Amino acid sequence: MKSLHVSQRKNYNENAVLTSKLEIPEELRDKILKWSDFIDYWSVDWNYRDDTFHNEWQEFRTKKKKTLQLQSIEHHYEKPGNYKVMVKVIDVFGNDTTTIKEVTVA
């Protein structure tokens, strides 16, 4: 059984389109210090099959929990093979993006 975890540090930057600071409410501009401050929610489909995204793990902010974990939990594959992992990210403006990574489990 092999395990895998996903890190947002790499995936979000590839597809992200950052908006102008003028579109950010003035009271929030000083609170956005790094790219990950724009992420509101992200989730992983560990076995994407070129159809519907299945949310199998997620991380999101709440009013009480302002921090966001940037690394997923480990996922264990029961069988060797080739798998597609889809990561979905939603930013604080409601924009979403996805990326797919292929994984080989020996």
Side-chain angles (χ1 to χ4, degrees):
M1 183 175 355
K2 296 290 184 175
S3 64
L4 170 77
H5 71 297
V6 177
S7 171
Q8 267 315 105
R9 290 181 187 94
K10 295 177 184 170
N11 295 332
Y12 187 71
N13 282 338
E14 292 173 3
N15 300 322
V17 177
L18 295 180
T19 188
S20 164
K21 276 229 175 196
L22 297 175
E23 294 181 44
I24 301 169
E26 194 170 332
E27 64 272 11
L28 296 177
R29 289 181 194 161
D30 293 336
K31 295 178 182 176
I32 296 177
L33 304 175
K34 56 193 177 305
W35 66 268
S36 60
D37 292 339
F38 284 99
I39 298 175
D40 194 39
Y41 164 94
W42 70 286
S43 57
V44 180
D45 180 345
W46 300 105
N47 193 19
Y48 180 68
R49 296 183 182 143
D50 295 319
D51 57 6
T52 305
F53 178 83
H54 298 278
N55 185 344
E56 298 178 287
W57 179 87
Q58 63 197 5
E59 174 68 8
F60 54 90
R61 297 180 197 275
T62 66
K63 288 186 179 188
K64 291 183 180 179
K65 185 177 109 24
K66 304 284 186 195
T67 60
L68 190 71
Q69 182 178 327
L70 297 178
Q71 183 171 312
S72 73
I73 60 170
E74 281 190 2
H75 176 75
H76 300 277
Y77 291 95
E78 295 296 324
K79 299 178 184 176
N82 296 317
Y83 297 89
K84 290 182 181 178
V85 178
M86 179 182 269
V87 177
K88 176 183 266 192
V89 177
I90 300 176
D91 69 19
V92 296
F93 302 105
N95 301 309
D96 68 84
T97 189
T98 58
T99 189
I100 298 172
K101 301 296 181 186
E102 295 193 18
V103 177
T104 300
V105 178

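What you are looking at is a predicted structure, and each value in this text was computed from that prediction instead of being measured.
- Across Trp46 and Ser72, no two heavy atoms sit closer than the pair CH2-OG, 3.3 Å.
- In this structure, the separation between OG1 on Thr104 and CD on Glu102 is 7.5 Å, given to the nearest 0.5 Å.
- Considering CG of Asp96 and CZ of Phe53, their distance stands at 10.0 Å, rounded to 0.5 Å.
- Every residue meeting the side chain to side chain contact (heavy atoms under 4.5 Å, CB included) condition with Phe60, not counting sequence neighbours, appears here in chain and number order: Tyr41, Gln58, Thr62.
- Legend: residues meeting ring pair (Phe, Tyr, Trp, His ring centres under 6.0 Å) with Tyr48, ordered by chain and number and at least two apart, are absent.
- Atom OH in Tyr83 sits 9.0 Å away from atom CZ in Arg49 (nearest 0.5 Å).
- By the criterion of side-chain heavy atoms lying less than 4.5 angstrom apart, applied directly or through intervening Ile, Leu, Val, Met, Phe, Trp or Tyr residues, Met86 is not grouped with Ile39; the two fall into different hydrophobic clusters.
- In this structure, Pro80 and Ala106 approach most closely via the heavy-atom pair CB-C, 3.8 Å.
- Between atom CG of residue Leu68 and atom CZ of residue Arg61 there is a gap of 4.5 Å, rounded to the nearest 0.5 Å.
- Nearest heavy atoms, Leu70 versus Trp42: C-CZ2, 3.7 Å.
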- Would Asp50 and Lys84 count as a salt bridge (Lys or Arg N to Asp or Glu O under 4.0 Å) if you check the C-alpha gap in whole Å, the side-chain angles of each, and the deciding distance to 0.1 Å? CA-CA 9 Å; Asp50 295 319; Lys84 290 182 181 178; 2.9 Å; yes
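- Considering only residues two or more places apart in sequence or on other chains, Asp51 meets the salt bridge (Lys or Arg N to Asp or Glu O under 4.0 Å) condition with none of them.
- Applying the salt bridge (Lys or Arg N to Asp or Glu O under 4.0 Å) test to Lys65 and every residue at least two apart in sequence or in another chain returns Glu59.
- Under the 4.5 Å side-chain heavy-atom criterion for ILVMFWY residues, a single connected hydrophobic cluster contains both Val85 and Ile73.
- For Thr67, there are no side-chain hydrogen bond (donor to acceptor under 3.5 Å, both in side chains) partners, not counting sequence neighbours.
- Linking ILVMFWY residues whenever their side-chain heavy atoms come closer than 4.5 Å, directly or via other members, places Phe93 and Ile32 in the same cluster.
- Sequence neighbours left out, the pairs with a member in residues 32-44 that pass salt bridge (Lys or Arg N to Asp or Glu O under 4.0 Å) are Lys34-Asp37.
- The neighbour count for Glu26 CD, taken as heavy atoms of other residues, nucleotides or ligands under 6.0 Å away, does not exceed 12.
- With rounding to the nearest 0.5 Å, the separation of OG1 in Thr97 from CG in Asn95 is 9.5 Å.
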